[in-house]
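Contents: one structure, followed by commentary.
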Amino acid sequence: MIDINTTYNLIKEFFQIGMFSFGGGYSTLPFLLNLTHHYNWFSAQELTQMIAVATITPGPVAINVATYAGIKAGGILGAFIVTTSEVLPEFIIGLVVAKLLKKFSENFYVQSALWALKPTSCALLAYVALQLFNNNIVNNNNLSWGIIIFIILLLISILKPKNPLWYITFSAITGILFVYFNIINI
Amino acid sequence: MQKIKLIDIFVAFLYSGLILLGGGYVILPILQEELVKKRNWISNDELTDYYAISQSLPGLISINIAILTGYKLRGKSGAVVGVFGITFFAFWMIVALSSVITKYTFNPYVQGAFWAIEIAVVILIISAIREMWEKSVKDLSTFVIFFLTLVIMLTTKISPAYIIIASVFIGIGYKSYTQAKNREVDND
């Protein structure tokens, strides 16, 4: 069970996320990472695991992550509260825009706002990448192996981009083999 | 035209949600197959418009498309079942998986797998950043916006919501200013 205070905070925070996240599948991550500074619902490391699990499960990644975050914060009820709060603002705005359609997206103010929002969401995601790089690779017992795998995967993603599932599967197998052959310390 | 059943809208989005794997960028081809080719509910042009509009709305692209399509087909109730359909598996799969994952977190092989997966996640995010960068940072002014946002995020613990709000005002302010300036030049 979760108390009234947590329930209120979950609704408040995830309503905000639904209201203000722009720019595709990972746009909720800067908000979720920010939550780790203010609440103890989940850690940055748990957030990374959520992203991994979300990538290999069906459905929109942000809904997967929201559900997972909700479970960590307050069980199934928490998950229900969180996903509902996150979808609600989008639903209300979506219904209004459904009547305007192209008039909305071709509007001067909407276009001007988007012109600035796009580099902003790109930078917010860059912040997430730097923080997670620091958390998952730099502050880790197996720094040198971490850097090596990071560079290999980065080169693959630049030279021969693959499906997201491929990266998750490849790294999972690598990690298991590394433990089996005692290459890394867990 | 015969009225489209709500249950059919639900099933169409339920199925799209089930085969949607690994990030929102693959949603367009999935919906093209399901809504345009298979069911003939909307035209390809309409879907492309919905996709473009969804990108200018807050929240998730796939959910926004479900709202817009559902609304077009059956009004508000169509939008509701569309959203329930596309989020159904995303929600229940995680609910089912989370207890399994918690159970095995202390297994060294699971920990090893996650050690490497956590590196892969950083790569996935970097790939998304590179894609967004190409579409957004095109000149000095957009680079300044990018740079300032990153510096503020790294040095403070401010909520990204405030940065998004500020960015909306900066965009409208800057574009209104340049538009007014261009008009002045034209008048001269």
Side-chain angles (χ1 to χ4, degrees), chain A residues 16 18-20 22 24-26 30-31 34 37 48 51-52 55 57-64 67-68 71 76 83 90 94 98 105 109-110 112-120 122-127 129 132-133 136 149-150 153 157 164-165 167-168 171-172 174-176 178-179 186, chain B residues 17-18 20-24 52-53 56-60 62-64 67-68 71 87 89-91 93-95 98 108-109 111-129 132-133 136-137 142 145-146 149-150 153 157 159-161 164 167-168 170-172 175:
Chain A
Q16 263 190 37
M19 184 95 197
F20 294 113
F22 277 89
Y26 290 137
F31 293 85
N34 186 260
H37 302 313
T48 319
I51 302 166
T55 308
T57 39
V61 168
I63 291 295
N64 295 138
T67 310
Y68 209 143
I71 291 175
I76 293 191
T83 39
E90 178 171 10
S105 55
Y109 294 103
V110 173
S112 309
L114 278 176
W115 170 84
L117 276 173
K118 282 179 187 168
T120 302
C122 186
L124 288 177
L125 210 51
Y127 153 74
L132 293 187
F133 181 82
N136 306 349
I149 295 195
F150 175 80
L153 288 177
S157 76
L165 285 176
Y167 296 98
I168 302 287
S171 56
T174 313
I176 291 168
F178 273 31
V179 172
I186 291 297
Chain B
L18 177 65
L20 177 64
L21 265 172
I53 295 163
S56 49
L57 288 173
L60 320 181
S62 46
I63 293 185
N64 278 318
I67 294 168
L68 295 176
Y71 186 83
T87 52
F89 280 112
F91 184 86
M93 286 289 286
I94 293 291
V95 170
S98 67
Y109 292 110
Q111 288 184 340
F114 268 119
W115 170 81
I117 288 173
E118 283 163 18
I119 301 170
V121 167
V122 179
I123 299 292
L124 291 179
I125 296 174
I126 292 177
S127 304
I129 294 169
M132 287 167 89
W133 173 277
S136 61
V137 182
T142 41
I145 294 175
F146 174 91
T149 307
L150 190 56
M153 285 308 287
K157 285 183 179 171
S159 162
I164 295 283
S167 164
V168 167
I170 289 172
I172 292 174
K175 285 286 172 184

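Keep in mind that the numbers below use all heavy atoms, side chains included, and drop hydrogens, waters and symmetry copies. Numbered from 1 within each chain, the chains take letters A, B, ... in sequence-line order.
For chain A, the option among Ile126(B), Leu18(B), Val168(B), Ile129(B) with the highest count of heavy-atom pairs below 4.5 Å is Ile129(B). Contact count against chain B (heavy-atom pairs under 4.5 Å) is highest for Ile176(A) among Ile51(A), Ile176(A), Leu132(A). For the options Leu124(A), Val110(A), Ile76(A), heavy-atom pairs under 4.5 Å to chain B are most numerous at Leu124(A). Between chain A and the options Thr87(B), Ile170(B), Ile63(B), the largest number of non-hydrogen pairs under 4.5 Å is found for Ile63(B). If you tally non-hydrogen atom pairs under 4.5 Å between each of Tyr71(B), Phe114(B), Trp133(B), Trp115(B) and chain A, the highest count goes to Trp115(B).
At a 4.5 Å heavy-atom cutoff, the contact between Leu153(A) and chain B is made by backbone and side-chain atoms alike. Residue Ala52(B): no heavy atom, backbone or side chain, is found under 4.5 Å from chain A. Contact annotation for Phe178(A): only side-chain heavy atoms (C-beta onward) come within less than 4.5 Å of a heavy atom of chain B. Only the side chain of Asn34(A) comes within less than 4.5 Å of a heavy atom in chain B; its backbone stays farther off. Contacts of Ile67(B) with chain A are made by side-chain atoms alone, with heavy-atom separations under 4.5 Å and no backbone atom involved. Only the side chain of Leu114(A) comes within contact range of chain B, judged by heavy atoms closer than 4.5 Å. Both the backbone and the side chain of Thr142(B) come within contact range of chain A, with heavy atoms under 4.5 Å apart.
Every residue meeting the side chain to side chain contact (heavy atoms under 4.5 Å, CB included) condition with Leu57(B), not counting sequence neighbours, appears here in chain and number order: Ile93(A), Val97(A), Phe104(A), Ile53(B), Asn64(B). For Thr120(A), the side-chain hydrogen bond (donor to acceptor under 3.5 Å, both in side chains) test picks out Ser167(B), with sequence neighbours left out.
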